[in-house]
Every structure is written in structure tokens, then in C-alpha cells.
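Comments concern the structure below.
Numbered from 1 within each chain, the chains take letters A, B, ... in sequence-line order. These numbers were taken from a predicted model, which means no experiment stands behind them.
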There are 2 protein chains.
Amino acid sequence: MDLGERKRRILQAIIDDYITTADPVGSRTIAKRHDLGLSSATIRNEMADLEEMGFLAQPHTSAGRIPSDRGYRLYVDQLMNRYRLTMAEINRMRHALELRMQEFDRLIEQYSNIISQITQYTTVVLPPQMKKSAIKHLQLVLIDQNHILLIIITSTGFVKNHTIRVTQKVDGDFLSRLSLILNDKLSGLTIEEINLPKIQEIQKEMCSNEEILMPILNHVSDSVKDIDDTHIFLGGTTNIFNFPEYKDIERAKEFFGFLEQKKDLQTLLSSGDNTRKINIIIGEENKFFEIKDCSVVMSHYSIGNKVVGTIGVIGPTRMEYAKVVSSLEYLTQHLNCMLSQLYGESNTSEKD
Amino acid sequence: MDLGERKRRILQAIIDDYITTADPVGSRTIAKRHDLGLSSATIRNEMADLEEMGFLAQPHTSAGRIPSDRGYRLYVDQLMNRYRLTMAEINRMRHALELRMQEFDRLIEQYSNIISQITQYTTVVLPPQMKKSAIKHLQLVLIDQNHILLIIITSTGFVKNHTIRVTQKVDGDFLSRLSLILNDKLSGLTIEEINLPKIQEIQKEMCSNEEILMPILNHVSDSVKDIDDTHIFLGGTTNIFNFPEYKDIERAKEFFGFLEQKKDLQTLLSSGDNTRKINIIIGEENKFFEIKDCSVVMSHYSIGNKVVGTIGVIGPTRMEYAKVVSSLEYLTQHLNCMLSQLYGESNTSEKD
DNA sequence: GTTAGCACTCAACAGATAAGAGTGCTAACA
DNA sequence: TGTTAGCACTCTTATCTGTTGAGTGCTAAC
């Protein structure tokens, strides 16, 4: 459906205004603030039309108009102007990014904080899911007679370890041998692909010491299965208090409740279209009741060409979409570079 | 200073009431609800005395009285009745504790959640600080030509790993040899005790390959230094919304701001007296402005006899101290058993 | 097709009033 | 002397009122 240029410009003006002020915007305001060369009466007529079409809504008679979800959708898809980051903003980001960051977790946390500082919204980062990436290397290390350390290294370069507790004594030699076989059988597979037949195969190969092998293998299999602790990074959670929409304590409560409930958060972030750089979910387009008045802007980050995780910015539907999109694009690109530098090369160097 | 039995009983009644209702409590209420055998007028006189002594305060003339920090202090130290956990509560905890919990982090998270569910307050858990515990075992594992994995196992049984990135090629043999020497020189020391002279000693020992050794040693030293990511576990953060004290959005904001600011939280939790089982900090007894209206009940948990971390419950000064203390005692004891079982034995089994 | 003008609606605000809870004080009582 | 009943006073809270101002929809004129 085409609205015609004038309606589009008016809608854009309304949404721009509403995003900055958070107050329902009236026809007179638009006539004064934006130089459209139209009187408030004309604008009033157009606004009535736009409301009928479903792009605007009225909280009550004789209030100004506010954009509907559908209005925002049109806005982000077609209307909004690209936001050019100011030099000050870019410098601030650059400066913040200069801190040395070795550990992956901290790196992610750092980015999450920067984004929430720049955008003033809440940031959510979904780290790489181990289950989806292939195992590159497995190693068992003897800690003491009762404890074995299982180290898993994925092709994307991430490391996880689990302590396995055993009742019988094990010796180092045995473990090295087992490590070799585990590597032989399992490396190259994704964690999801490890199943009972595979385990049994290993058991057959190691035929000796059956009574001691099984518990370890079971533990390995168990550990491997729940390796993805759904750890989600949050940044700037308290930013939500800055928005008048959340002056109401009940709203704030729902919002925080949703953030605490990490599982839903994870589904939300995983729901984006992987082929697009930026995904935007507006208001009730998401299925979670608690954040039906929120929008989410998501961006996938990757190592090399492989998408490994998602960064999301979450805030009221009245969000500065343009600015968020720009900041997110800039920082995602930066993060991609960073990750490829740190973890990428090892990917292409060799395969064992 | 001794108040006399009657004043004590009246003060106790007032605080008990205020804790449950959150409303300033008047003399008539006390006379009716508690069977003290006194008229409201008498109680009124006593209340005036208690206010003069600084145990009570009045929000405004003709409101009831509320306890002051000093009043709460007397209450928790001398007045309050021990809270007996109900069978239902104990069963709920037992049930929740039955879930299998291998990983240390999850174990802690689990406990933190249970406590906040039972008490309905916010829970904060400070995990063991690696820096304070001795190194038991160090190992370097080759991931690929550019990446080395450093694994540190402490005497308390915890494992941490760091990826070290190197520019020069390293081979496995070299690493095993280095691992041996590192273990020889560093195990037994706490992480804090590792310093430049120690590192130089190792360098001397490995004399060969100086140009390749230094970057690795530097990285080891660096990694070791910032190994204590101040990760703090939070549970039931949204519980704070249930208290009328925090219906005011500004208060809630301050509270959440404080929780987000992990550093202060850590100092707060570390401030307790290690020799006592339970520490209670009431209102402005803590130095942090943001939570001057909060109280914190803290309990230390240990492995064997060594205190390794702290659990804290944080809520409005009007806190159900008795119940919180009981729950915390119960669960801390349980956690201690659990930890000793999982990590304790390895401690006594042998030393290398 | 656009604009000016007018009547109408609704939320927000400020006073005014009433109700209710609690106090302090005084005088009477055991 | 300690305790109690009664009363005037204070202060908060809720409710109702009228007023103001922003914004709309409609109509008639340009």
C-alpha cells in the first residue's frame, strides 16, 4: 500500500517527535516544529487518515497521536533517516574499545556495556552456543585420584571445562589413552551429534577396564550435554528506569522479571533471521507478554563467516531506532574484526 | 543500658508488627494485637521513652512509630525470637536441593535461587576468591600453533582456564617441560604470591628458548593476575518490587544501580567478621549511600574448615531477620556439606 | 484541496473537605 | 505512684470539585 509522499512525511515527523518526547504529538506541534508548509488543520486530516489505516493510535479522544506497532514497522523499514554517529560518539566507542580484553567473556561484557552506554538502552548478549559448534579437541586431565578434568575446545576456539568426579582410582596413563581415542572418535562432530552409539563405539575400542571406563564415559556424555549453561550477558539494565514508560513500578517489574527469566530471553534472541544483518522486533511482534511494549534490535556477530552469537538492544517501542541501528552496526563490525583476529586464524591454520 | 522487661517487650512487639505490616505502628494496635495486659495509654508513654532513647522514630507527628537502625540492632542482638522453619519450608528446600548439581557455578546459583525463593528477598553470593587460595596444579595445553590453554587448579578444587595467544610457534614438548617447571616453582603458593622474582627464577631454569619463553611467561603472569573476574551471583533481584518501600521508582533505581555496580557489592560482602557464623548489617551501618535503607544478613560458607565465600540476603531494613537467619543457617550448613563432599576429600587425599 | 474557527472532550492540576489514625496531655482511679 | 480513660490537636490520605489547556472533529469559507 502506498501512502503518498505527504502522509509519509507527516508520519515520519510524528514518529520522530514521539521518539524524542514520549508525549502524544498533536497536529499543531507538527505544524510548528517541522517545516512541512501545511497548517495544523491539514495535518489533522491526514492524521485521522493515518489512524484509520492503523499507523497511529490515540490514547483517548483529544490526546495527540502515538505510533502503533504497525507505524513503527513502516518507520524502520522505509521512513527513518540513517543516523550518522557523531565524532564524539565514535571517539567514545573507540576509546572504550581500546582497553585490553583477552578473555572472551570479558570482551563480550565490555561490548555489552559500551552499547548500553552509547544507546542508553538495555543490552543483551547471547554468547556462542557450544552445542552448535564442532569439537576440535578433547582432553582429560587427572586432578587427583577422585577428580578428572574434561576440557573441550571447539572449532571456534572456545574452551570449556568440567570436573568429573569418580569413585574408583584412575591413573594418568589410562586417561591419556582415553583422551586419544575420544579425540579420534569425537572431534569434528558437534556436541549435539554425540550419542549413545558413538559412546559405545569408544567403549568397544578401549575394551580393557570396562568397569572403570563406563562411569567416566557416562560423565563425559553428561557433561558434554549440559555444557551450554545459558549464560546471558546483560548491560545497562537500570537504563530502563530513565524512560517515562517505566515510571510505573509494575511495568518495571515485568521488564526485570523477563530479563531474569533467561530462557525466554534466549528464545527471543535466537528468533532473528540469520541472513539479515539487523533484525528488529517491534512491540507485540514478539510473543512474550512481559515485553509487549518493548522493541528489540538485534545484530548477529560472527567469527570468520560463521555467525556465533547475537547482540540485542531492548527498550520501549518508542526507541531511537536509527541511532541504535547505527551503533549496533558499528560495534558488531568491530567485534567481528576483534573475534576473527583473536579466534579466527586458528580456524584456518590447520585441522587435526 | 538496660531497658527493663516491659520496654523490651513493647519494643519487640512494635518491631515484629512493623516487619510484617510495613506501616508505622501505633499504641492502640500494640495494645490490641499483643496481649501485654497494658492499655494503649501506658504503651504510649513507653513508646515516647523508647523514642527518646533512640530505638524508635516517628515519620511525622501523629503517625505511629517505626524502629530506628538502633532499634533493629537491639532487636536482632537480643530481642527477636528464633524463627523455627516450618516443615513445609524445610521440605521445599530439601526438594529443591535434590536436583543434581555438578558444576560449581550452578551449585552456587541454585543455592542463591533457593534462598531468594524461601526468604523473598534478594540474594547475593560471593564465590570463592581464587587469589586467596593456593595453586595446586598448573598445566599448559597446546590448542593450536597460536593458542595455548593455561589451566589452574587450586587447592580448594576449583578450576580456571585462560587462553593465551602467542605469535611464535610452540611445540607440545616444550609446553610439557614448561608445565613441569611451573608446577615445581609455583604450586603451593597463592596467586597473590606470584611475583616477578618467581617468574625470573623460572626463566633461568628454562634457559633455552628465551625469545619464545618470555611472552608465554608474561602471559601466564598476566592471566594469573586477573583471574578473579568479580563474578557475583544474584538471585531474586525482582523480589525488591514486592516491598512497599520500593514502590517509589527512585528507590528501586538506586537499589538496582547498586546491584549492577558489582565492586561495591563485593566490598560489602567482604566486610563481615569471618569468625561469626552470621553477620548482620543494618541500614546506615553500611557505608553505601544507595542502600542506606537496606539491611544485609550474611553467612560464610566453607570447604572443610576454610571459609571460601559469602552468601548475603539483602532487603529493606524492615526485614524478617529471624526467618532469614534461620534459612541462611540451614542452607549454609547444607552447602558446606555439599562442598566438602564434592571438593573437600581431594584436599586431604594427597599433596603433590 | 486547504485553511480558519468553533464547540467539544479529556487529562491533569489545584484546592477544599472529610475521614481516620495516632499522639500528647490532663485528670481520675487503684 | 503507676495506670487508665478521655479529649483536643495534628497530620495524612482519599475524594470531590472546578479550572485549565491541549487537541480533536466538523463546518464553512477561501
Side-chain angles (χ1 to χ4, degrees), chain A residues 2-11 13-18 20-68 71 244-245 247-249, chain B residues 3-11 13-18 20-68 71 244-245 247-248:
Chain A
D2 200 13
L3 295 158
E5 183 55 21
R6 195 169 71 178
K7 279 199 175 50
R8 296 166 67 93
R9 287 185 59 197
I10 290 176
L11 184 57
I14 292 171
I15 300 186
D16 278 340
D17 264 33
Y18 185 67
T20 54
T21 64
D23 284 321
V25 13
S27 51
R28 223 174 87 86
T29 322
I30 295 295
K32 264 194 301 181
R33 261 219 279 273
H34 299 260
D35 198 17
L36 299 174
L38 296 171
S39 79
S40 70
T42 314
I43 293 171
R44 213 140 55 223
N45 289 329
E46 297 287 32
M47 279 164 86
D49 291 351
L50 285 167
E51 180 171 359
E52 202 180 355
M53 293 178 191
F55 294 112
L56 293 176
Q58 221 175 354
H60 55 85
T61 32
S62 93
R65 303 298 207 291
I66 60 173
S68 66
E245 285 90 335
K247 285 285 175 256
D248 175 18
I249 200 90
Chain B
L3 294 158
E5 183 57 20
R6 196 169 71 180
K7 279 200 175 52
R8 297 166 67 95
R9 286 184 59 197
I10 290 177
L11 183 57
I14 293 172
I15 299 186
D16 278 340
D17 264 34
Y18 184 67
T20 53
T21 64
D23 283 322
V25 16
S27 52
R28 223 175 86 85
T29 323
I30 294 295
K32 265 194 299 181
R33 261 217 281 272
H34 299 260
D35 198 17
L36 298 174
L38 296 171
S39 79
S40 69
T42 313
I43 292 171
R44 212 140 56 223
N45 289 330
E46 297 289 32
M47 280 164 85
D49 290 352
L50 286 167
E51 180 171 358
E52 203 180 355
M53 294 179 190
F55 296 112
L56 294 177
Q58 221 174 352
H60 55 87
T61 32
S62 95
R65 301 303 206 291
I66 60 173
S68 66
E245 284 91 335
K247 286 285 175 257
D248 175 18

How many Å lie between [atom1] on [X] and [atom2] on [N], as a whole number?
{"X": "A:Gln58", "N": "C:dC10", "atom1": "CD", "atom2": "P", "answer": "10 Å"}
{"X": "A:Asn45", "N": "D:dC26", "atom1": "CG", "atom2": "P", "answer": "9 Å"}
{"X": "A:Leu36", "N": "C:dT2", "atom1": "CG", "atom2": "C1'", "answer": "14 Å"}
{"X": "A:Asp49", "N": "D:dC26", "atom1": "CG", "atom2": "P", "answer": "12 Å"}
{"X": "B:Leu50", "N": "C:dG24", "atom1": "CG", "atom2": "P", "answer": "12 Å"}
{"X": "B:Ile43", "N": "C:dC25", "atom1": "CD1", "atom2": "C1'", "answer": "18 Å"}
{"X": "B:Asp23", "N": "C:dT23", "atom1": "CG", "atom2": "P", "answer": "13 Å"}
{"X": "B:Leu56", "N": "C:dG24", "atom1": "CG", "atom2": "P", "answer": "11 Å"}

Think [X] has a side-chain N or O under 4.0 angstrom from the OP1 or OP2 of [N]?
{"X": "A:Arg6", "N": "C:dG1", "value": "no"}
{"X": "B:Arg28", "N": "C:dT23", "value": "no"}
{"X": "B:Thr29", "N": "C:dG22", "value": "yes"}
{"X": "A:Ser39", "N": "C:dT2", "value": "no"}
{"X": "A:Thr42", "N": "C:dT3", "value": "yes"}
{"X": "B:Ser27", "N": "C:dT23", "value": "yes"}
{"X": "B:Arg44", "N": "D:dA5", "value": "no"}

Between B:Met47 and B:Glu51, is the side-chain contact (heavy atoms from CB on, under 4.5 Å) condition met? List the steps.
CA-CA 6 Å; B:Met47 280 164 85; B:Glu51 180 171 358; over 6 Å; no

Axis-to-axis angle between the two ends of the helix from C:dG1-D:dC30 to C:dA30-D:dT1 (five base pairs per end, rounded to 10 degrees)
20°

Taking every non-hydrogen atom, the tightest pair across B:Thr20 and B:Asp17
OG1-O, 2.9 Å

For a quick test of reading the model, state the closest non-hydrogen atom pair linking B:Ala57 to B:Pro59 and the distance between them.
O-CD, 4.0 Å

Can you say whether a donor on the side chain of B:Ser62 sits under 3.5 Å from an acceptor on the base of D:dT10, or the other way round?
yes

Keeping the roles fixed (side chain from [X], backbone from [Y]), state whether a donor-acceptor pair exists under 3.5 Å.
{"X": "A:Gln58", "Y": "A:Gly64", "answer": "no"}
{"X": "B:Ser40", "Y": "B:Ala31", "answer": "no"}
{"X": "A:Glu46", "Y": "A:Ile10", "answer": "no"}

Pair B:Arg44-B:Ser27, side-chain donor/acceptor within less than 3.5 Å:
yes

Let me know, please, whether A:Met47 or B:His60 comes out on the 5' side of the other along DNA chain D by nearest nucleotide.
B:His60

Counting heavy atoms from C-beta on, name the nucleotide in C:dT23, C:dA4, D:dG23 closest to the side chain of A:Ala41.
C:dA4

Considering only heavy atoms from C-beta outward, does the side chain of B:Thr42 approach that of B:Arg6 to under 4.5 Å?
yes

